[in-house]
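Side chains included, hydrogens not; waters and symmetry mates left out as well; all remaining heavy atoms used.
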Amino acid sequence: MSTTSKASQRINALLDDNSFVEIGALVTARATDFNMKPDETPSDGCITGYGVIHGKPVYVYSQDASVMNGSVGEMHARKIVGLYDLAMKTGSPVIGLIDSAGLRLQEATDALNAFGTIYGKQVCASGVIPQITAVLGSCGGGLALFPAMTDFTFMEEKNGKLFVNAPNALDGNVITKCDSSSAAFQSQESGLVDAAADEAQILEKIRALIAFLPSNSSEGSDIVECSDDLNRVNPELSGCVGDTAIALSILADNNDFFEVKADYGKDMTVGFLKLDGVTVGAVANRSEICDEEGKTVEKLDAVLSCQGCEKAADFVNFCDAFEIPVLTLTNVKGYKADVCSEKGIARAAARLTYAFANATVPKVNVVIGKALGTAGIAMNSKAIGADITMAWPDAQIGTMDGKLAAKIMYEGQGADMINEKAAEYEALKLSTAGAARRGYVDQIVEAADTRKYVIGAFEMLFTKSEDRPAKKHGTV
């Protein structure tokens, strides 16, 4: 492998020192049309091989933009397909470092078919081995499907370009008006990108992510030795009902929470943490975002939105495919209510409900704030299959806010009556004690003790096995 090309430097920066072994270094293009010469395409613009990250075997391909702009041709694709075959045989993740002009026009239908063979391998590998992509240069046209079909995608914040149609090709748009190929657009608007950062940070994020993931779907949740106190008490947790990213960091072993898609669907937080050394996937409603000093910088509604539901549903599906237990922190009062949201919220909320109900991994739900109406049911409630449901003492579980319920039931009765009945309704119909008496809550736990109770629940559920009706697959 050339040590001077940017493609090879990226691999060396990603993998553990001196662990990379290249495969197919002598492969060149077979096509000779339009004056192409085989010796002009070293490695056919794609360096492929295997190595380790934190001692875990991984397979890597890195496109070389210095060779025909990293364009994908027949042999380029054959190398990636061969890499997928090896990864599937050995049960190891595939990481793609993308920097390509796209389809190699000189090879025409050969190149077009080559794209299809990669798509096919990605589909076959989905849910079997983790797939990760990093868009470090251009990724346009049909190449944009590569990251879209992987599990996690990172993007260089300045030089990365990700698009199906270029910004200037969109009706009524120019790139100066809206750069739809930018990392900002793809991470904040489309939700395709999990995180945007500079190249060095992206490679570090991939290394950090690999530490949480199992190598394949048969391996089960990744387990390491825990050095943190399993019974750690956290009085500060009660103040984190709004910013659940902070709450999850507090709960996690050594306060290490790896959030994904932080810039998309901000009213939902998803990511990975370790609890007693075991990887757990976390999904949590979020009603505020705080800075490093704990000051609120953005207020959000405690509601389910289309983006938040889609983001969470995809994440839960990934966790279920790879036998990663799921923890939810619930604080939701309803659905986002505007015309734009109404176009898709029913379908998005249905997908979220389906994902939780369909998942057979251990599932623990902690109601930390409100769990009102069917939005609360959709958030991994006992009704749709949560194995253990906990609640903080001052949480609220029921049909709707007490004041609203009182206004409906005692319309025209005056403010004093409304307030009196609202308080009565909250005590009778929204209290955690009331929900626990009916079996909808298994445990009422103090916020400070949440970590030890959640760890205990997942330890109890470690051997969980659940059968479902025989079918090819669901359709939601």
Side-chain angles (χ1 to χ4, degrees), residues 61 63 70 72 80 93-103 115 118-119 121-123 125-127 130-170 173 175 178-199 201-203 205-206 208-209 213 258-272 281 283 305-319 321 340-341 343-344 347-348 351-352 355:
Y61 68 87
Q63 294 177 313
V72 179
I80 296 175
V94 171
I95 302 170
L97 307 179
I98 297 179
D99 187 356
S100 170
L103 185 77
F115 262 69
I118 297 174
Y119 295 159
K121 290 298 178 183
Q122 287 186 290
V123 171
S126 181
Q131 301 178 69
I132 301 170
T133 46
V135 178
L136 303 176
S138 183
C139 179
L143 193 64
L145 274 64
F146 286 17
M149 283 200 283
T150 57
D151 300 305
F152 301 98
T153 298
F154 300 89
M155 190 169 173
E156 206 285 327
E157 59 191 358
K158 294 180 180 177
N159 299 318
K161 295 295 177 184
L162 176 57
F163 57 92
V164 173
N165 296 296
N168 290 338
L170 302 178
N173 187 64
I175 195 168
C178 175
D179 186 358
S180 54
S181 66
S182 68
F185 182 90
Q186 294 296 346
S187 61
Q188 298 169 21
E189 301 297 328
S190 79
L192 184 56
V193 169
D194 289 278
D198 64 40
E199 188 169 306
Q201 290 174 321
I202 285 173
L203 299 180
K205 284 180 181 292
I206 294 175
L209 176 60
L213 302 182
F258 188 95
E259 187 175 4
V260 295
K261 286 186 169 56
D263 295 328
Y264 181 75
K266 293 181 180 180
D267 47 48
M268 192 78 79
T269 298
V270 303
F272 299 104
V283 177
S305 67
C306 293
Q307 291 181 335
C309 287
E310 290 166 0
K311 164 175 151 179
D314 287 342
F315 184 78
V316 171
N317 287 336
F318 174 85
C319 290
C340 184
S341 177
K343 296 175 184 178
R347 183 180 296 276
R351 278 199 65 220
L352 177 64

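Rounding to the nearest 0.5 angstrom, the gap separating the CG atom in Leu136 from the CD1 atom in Ile202 is 5.5 Å. To the nearest 0.5 Å, atom OG1 of residue Thr133 and atom CD1 of residue Ile206 are 8.0 Å apart. The line from CD of Gln131 to CD1 of Ile95 is 11.5 Å long, rounded to the nearest 0.5 Å. The structure places OG1 of Thr153 at 12.5 Å from CZ of Phe146, a figure rounded to the nearest 0.5 Å. Once rounded to the nearest 0.5 Å, the distance linking CD1 of Ile80 with NZ of Lys121 reads 13.0 Å. Rounding to the nearest 0.5 angstrom, the gap separating the OH atom in Tyr264 from the NZ atom in Lys311 is 9.0 Å.
Counting only heavy atoms from C-beta outward, the side chains of Thr150 and Gln122 approach each other to under 4.5 Å.
Legend: residues meeting side chain to side chain contact (heavy atoms under 4.5 Å, CB included) with Ala148, ordered by chain and number and at least two apart, are Leu192. Partners of Phe152 according to the ring pair (Phe, Tyr, Trp, His ring centres under 6.0 Å) rule, which considers only residues two or more places apart in sequence or in another chain, are Phe272, Phe318. Under the side chain to side chain contact (heavy atoms under 4.5 Å, CB included) criterion, Glu189 pairs with Phe185, sequence neighbours left out. Listed by chain and number, the residues in a side-chain hydrogen bond (donor to acceptor under 3.5 Å, both in side chains) with Asp314 are Arg351 (sequence neighbours excluded). With sequence neighbours excluded, no residue forms a side-chain hydrogen bond (donor to acceptor under 3.5 Å, both in side chains) with Asp151. Scored by the salt bridge (Lys or Arg N to Asp or Glu O under 4.0 Å) test, Glu157 finds no partners at all (sequence neighbours excluded). Every residue two or more places apart in sequence or in another chain was checked for a side-chain hydrogen bond (donor to acceptor under 3.5 Å, both in side chains) with Ser180, and none qualifies. Under the rule for a side chain to side chain contact (heavy atoms under 4.5 Å, CB included), the partners of Ser100 that lie at least two apart in sequence or sit in another chain are Gln63, Val72, Leu143. Partners of Ala144 according to the side chain to side chain contact (heavy atoms under 4.5 Å, CB included) rule, which considers only residues two or more places apart in sequence or in another chain, are Leu162, Val164. Checked against salt bridge (Lys or Arg N to Asp or Glu O under 4.0 Å), Glu310 has no partners two or more places apart in sequence or in another chain. For Asp179, the side-chain hydrogen bond (donor to acceptor under 3.5 Å, both in side chains) criterion is met by Lys161, Ser181, not counting sequence neighbours.
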Exercise for the section: Show your working on side-chain contact (heavy atoms from CB on, under 4.5 Å) between Ile118 and Leu145 and close with a plain yes or no. Expected result: CA-CA 10 Å; Ile118 297 174; Leu145 274 64; over 6 Å; no

Exercise for the section: Please lay out, stage by stage, how Met268 and Val283 fare under the test side-chain contact (heavy atoms from CB on, under 4.5 Å). Expected result: CA-CA 7 Å; Met268 192 78 79; Val283 177; 3.8 Å; yes

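Closest non-hydrogen pair, Ala312 versus Leu352, comes out as CB-CD1, 3.5 Å. Pairing each heavy atom of Gly281 with each of Cys319, the nearest pair is CA-SG, 3.9 Å. Listed here is the closest heavy atom pair of Ser138 and Phe163: OG-CE2, 4.2 Å. Taking all atoms of both residues into account, the shortest heavy-atom contact from Pro167 to Asn173 is O-ND2, 3.0 Å. The nearest pair of heavy atoms linking Ala355 to Val316 is O-CG1, 3.5 Å.
Formation of a donor-acceptor pair under 3.5 Å by the Tyr119 side chain with backbone atoms of Gly142 is found in this model. Put simply, the side chain of Asn165 never gets that close to the backbone of Leu170: no donor and acceptor are under 3.5 Å apart.
Every pair passing salt bridge (Lys or Arg N to Asp or Glu O under 4.0 Å) that includes a residue from residues 259-271 is listed here, sequence neighbours excluded: Asp194-Lys261, Glu259-Arg286, Lys266-Glu298.
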